[in-house]
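To keep things clear, I will list the structure first and then write my remarks on it.
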Amino acid sequence: MLVWIIASLLAFFVKGLCGFANTLVFTSVLSLRNDNISISPVELLLGYPTNCIIAFKERKSIRMRICLPISVLVVIGSIPGILLLKNTDTRIVKVIFGFVLVLVAIEMFFRKKSRQEGKEGRILFYLIGFLSGILCGLYGVGALLGAYVARITEDASSFRANICVVFLVENTLRIALYSVFGIINFEVLKLSIMLVPFMFLGLFSGIACTRRLDDRIAGRVVVILLLLSGIFLIMENV
């Protein structure tokens with residue numbers, strides 16, 4: 001139980017700080033002793049209210065022209081992602097995504113950020129949204145989505161607001177499907193409820209730190225978390 005508490009504190013501190021990467025941290029801490037089928041539903045139930053809280057806190061920075069189209073693409077992509085998860089060996093797919101994330105993180109580190117969505121191009125927009133949905137369906141990881149949203153939002157507040165709105169839509173779909181397939185059960189609910197206080201403690205600690213964190217530093221933290229996400233996917237699946 002102690003490991004679950006530590007995972008909750010660390011994961012949702014990062015969530016409060018950056019708006020994403022809680023799945024990466026939560027899974028990294030717990031995967032050595034637990035199967036992903038046990039980790040994912042607990043993290044999903046804990047993460048859902050955190051997306052509500054951050055989206056509400058940063059509501060002035062929500063841009064429907066950003067989050068709604070991406071939400072639709074992520075939902076569409078989640079369907080084949082879930083089918084792949086049920087019917088194929090997904091390790092190769094995850095390794096490929098891992099390398100993609102590493103390359104994206106490196107490119108973001110050296111690239112001067114564009115603040116104009118139109119410069120990214122429609123094809124890239126559709127591709128990233130769809131692939132993000134597949135990755136969420138496969139692994140519950142929104143790192144590729146984070147990479148794209150970081151490129152088209154103006155600052156850290158806008159990034160957190162819009163990515164959490166997209167996560168809310170995707171999480172709602174996954175909660176429904178997990179419930180239908182019996183992945184969310186009484187034991188999962190009981191463990192999630194026990195971890196809620198630690199989730200809130202980590203979340204609000206992270207949010208408190210954002211008040212003192214310069215946007216440029218926050219951007220670097222996002223790049224580092226994307227890089228770690230890619231490395232984690234590669235190492236877990238080779």
Hey, can you pull the donor-acceptor pairs under 3.5 Å for the side chains in residues 12-20, sequence neighbours left out?
unit_1	atom_1	unit_2	atom_2	d
K15	NZ	G19	O	2.9
K15	NZ	N51	OD1	2.5

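Judged as a side-chain hydrogen bond (donor to acceptor under 3.5 Å, both in side chains), and not counting sequence neighbours, S61 has no contacts. By the side chain to side chain contact (heavy atoms under 4.5 Å, CB included) test, L44 pairs with N171, R174, I175, Y178, sequence neighbours left out. With sequence neighbours excluded, the residues that form a side chain to side chain contact (heavy atoms under 4.5 Å, CB included) with F56 are R59. Shown here are the side chain to side chain contact (heavy atoms under 4.5 Å, CB included) partners of L189, two or more places apart in sequence or in another chain: L45, I184. Legend: residues meeting side-chain hydrogen bond (donor to acceptor under 3.5 Å, both in side chains) with S179, ordered by chain and number and at least two apart, are absent. Judged as a side chain to side chain contact (heavy atoms under 4.5 Å, CB included), and not counting sequence neighbours, the contacts of I5 are M1, L9, L195, F198.
Applying the salt bridge (Lys or Arg N to Asp or Glu O under 4.0 Å) rule to pairs touching residues 180-201 yields E187-K190, sequence neighbours excluded.
Cluster annotation: V42 is not connected to I193 through the hydrophobic network of ILVMFWY side chains, with a link wherever side-chain heavy atoms come within less than 4.5 Å. There is a path of hydrophobic side-chain contacts, each under 4.5 Å, that joins M194 to V188. Residues L2 and V25 are members of one and the same hydrophobic cluster, defined by side-chain heavy-atom contacts under 4.5 angstrom among Ile, Leu, Val, Met, Phe, Trp and Tyr.
As a member of the Ile/Leu/Val/Met/Phe/Trp/Tyr network built from side-chain separations under 4.5 Å, V180 groups with nothing else and remains a singleton. Residue V165 belongs to a hydrophobic cluster whose other members are I62, M64, L68, with links defined by side-chain heavy atoms closer than 4.5 Å.
Side-chain contact between I53 and F200 is present, with heavy atoms from C-beta onward closer than 4.5 Å. A heavy-atom distance below 4.5 Å is not found between the side chains of V196 and S192. At a threshold of 4.5 Å between non-hydrogen side-chain atoms, the residues V29 and W4 do not count as touching.
For the atom pair CD of E43 and CG of N22, the computed distance is 4.5 Å after rounding to the nearest 0.5 Å. Note that the CD1 atom of I207 and the CD atom of E58 stand 8.0 Å from one another [nearest 0.5 Å].
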Carefully, step by step, assess T172 and Y48 under the rule side-chain contact (heavy atoms from CB on, under 4.5 Å).
-> CA-CA 8 Å; T172 300; Y48 194 84; 2.9 Å; yes

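Taking every heavy atom of both residues into account, T50 and L46 meet most closely at CG2-O, 3.4 Å. Pairing each heavy atom of C164 with each of I54, the nearest pair is SG-CG2, 3.6 Å. When all heavy atoms of P41 and I183 are compared, the closest pair comes out as CG-CG2, 3.8 Å.
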